[in-house]
*Asks:* 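One structure, pasted below without further comment.
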2 protein chains.
Amino acid sequence: MATRTDTLTLEVVELIGTVVARYHEEYDRAAAEHSLTGAQARVLGLLSLEPLPMRKIAVRLKCEPSNVTGIVDRLETRGLVERRPDPADRRVKLAAATETGRRTARELRDALDFAREPLAGLSDAERTVLRDLLRRMLGEETP
Amino acid sequence: MATRTDTLTLEVVELIGTVVARYHEEYDRAAAEHSLTGAQARVLGLLSLEPLPMRKIAVRLKCEPSNVTGIVDRLETRGLVERRPDPADRRVKLAAATETGRRTARELRDALDFAREPLAGLSDAERTVLRDLLRRMLGEETP
DNA sequence: TGAATATTTCATGATGTCAAGTAAATCGGT
DNA sequence: ACCGATTTACTTGACATCATGAAATATTCA
């Protein structure tokens, strides 16, 4: 059984820290190429899949709804997103990506090669092992 | 050979995204328990290992030196960090963790169970595989 | 009608950038 | 070795973004 401080475990923890750092670097760099911040890119990515009420964006981002107002404001100013009324509930405003917004989101996704490219160096079998280990690490049961 | 969009690769990419999100949740939660922000906790963690000039902190954080001034200011106000002159170069200010700061940093590290605890569910052999796969993903050669 | 919900606005603080300023070290020519 | 010019380290100030929380408004629901 591993102690809390055995070398192997600490090594893996540090590697995960590096993965996290690398992921953010890549994400922010890709966003910056479109003059977007990380938060804006994240919201735009969500809205490129489907329109969402402000409330749900806040839940996904794990932040206060009042914060989302500003982020969507900035995206809307740049014509990447628009607010629509929800026909079913007049309290709700749906934020939806515009055509320009969807195009930008697509370019962003394509630029996010951080994980994809290095994974090309692994075989299918290795990728499968990695997937299963990550799943167990995250407490998801292998289906 | 994997295409850019094969299911397995996308699955792994998404898992890594989840790992990143989980990591930050845990990190910020642990920091918040000590009334620290993520950035403050990160700097305190660095300084608990060794005193560093402001410049080097900025390099580690990949941000502007002017930003570090504020973060260290706040840590200093709370008595967790102090600024010392560098005897070798009077332009330089060394930021160093105080005794209180080192204790806080230690508690923070102990609270960061995100990666350690779920890793306990993996065998030594599995951890070794995970370590090697992560290393290759990060482009580090296995020593 | 009264409670709960969705959004916005405002105040505040932390973080991030950039430009300008001060102090100290270093470099190059004499 | 000296001195002026450049570089380096840090801070300050102005400004944008992100984050929280409290209060205001509009709407829905019980």
*Asks:* Measure the spacing between CZ of A/Arg127 and CG of A/Asp132 and express it to the nearest 0.5 Å.
*Replies:* 13.5 Å
*Asks:* Enumerate, atom names and distances included, each donor-acceptor pair closer than 3.5 Å involving a side-chain atom of residues 78-93 of chain A, sequence neighbours excluded.
*Replies:*
residue	atom	partner	partner atom	Å
A/Arg78	NH1	A/Ser35	O	2.5
A/Arg78	NH2	A/His34	O	3.0
A/Glu82	OE2	A/Arg84	NE	3.2
A/Glu82	OE2	A/Arg84	NH2	3.4
A/Arg83	NH1	A/Asp73	OD1	3.0
A/Arg83	NH1	A/Glu76	OE1	2.6
A/Arg83	NH2	A/Thr69	O	3.4
A/Arg83	NH2	A/Asp73	OD1	3.0
A/Asp86	OD1	A/Ala88	N	2.8
A/Asp89	OD1	A/Arg91	N	3.0
A/Asp89	OD1	A/Arg91	NE	3.2
A/Asp89	OD2	A/Arg91	NE	3.4
A/Asp89	OD2	A/Arg91	NH2	2.9

*Asks:* Could you state the atom-to-atom distance from OH of A/Tyr27 to C1' of C/dG16 in whole Å?
*Replies:* 18 Å
*Asks:* For B/Glu33, which residues count as a side chain to side chain donor-acceptor pair (under 3.5 Å) partner, sequence neighbours excluded?
*Replies:* B/Arg29
*Asks:* Between B/Gln40 (CD) and D/dA19 (C1'), how many Å, whole number?
*Replies:* 13 Å
*Asks:* Just how far, in rounded Å, is P of C/dT15 from CG of A/Asp28?
*Replies:* 16 Å
*Asks:* Name each donor-acceptor pair under 3.5 Å that joins a side chain in residues 44-60 of chain B to protein atoms two or more places apart or in another chain, with its distance.
*Replies:*
residue	atom	partner	partner atom	Å
B/Ser48	OG	B/Gly45	O	2.7
B/Ser48	OG	B/Arg109	NH1	3.4

*Asks:* Whole angstrom is fine here: how far is it from CD in B/Glu64 over to C1' in C/dA14?
*Replies:* 17 Å
*Asks:* Which residues satisfy the side chain to side chain donor-acceptor pair (under 3.5 Å) test with B/Asn67, sequence neighbours excluded?
*Replies:* none
*Asks:* Distance check needed: D/dA9 P versus B/Asp86 CG, whole Å only.
*Replies:* 11 Å
*Asks:* Go through the structure and list residues passing side chain to side chain donor-acceptor pair (under 3.5 Å) with B/Arg103, not counting sequence neighbours.
*Replies:* none
*Asks:* In whole Å, what is the span from the CG atom of B/Leu36 to the C1' atom of C/dT15?
*Replies:* 15 Å
*Asks:* Does the protein touch nucleotides 5-13 of chain C at the base, only the backbone, or not at all? Give it as B, S and - per nucleotide, heavy atoms under 4.0 Å.
*Replies:* BSSBB----
*Asks:* Verify the contact: side-chain N or O of B/Arg90 to OP1 or OP2 of C/dA23, cut-off strictly under 4.0 Å; return yes or no.
*Replies:* no
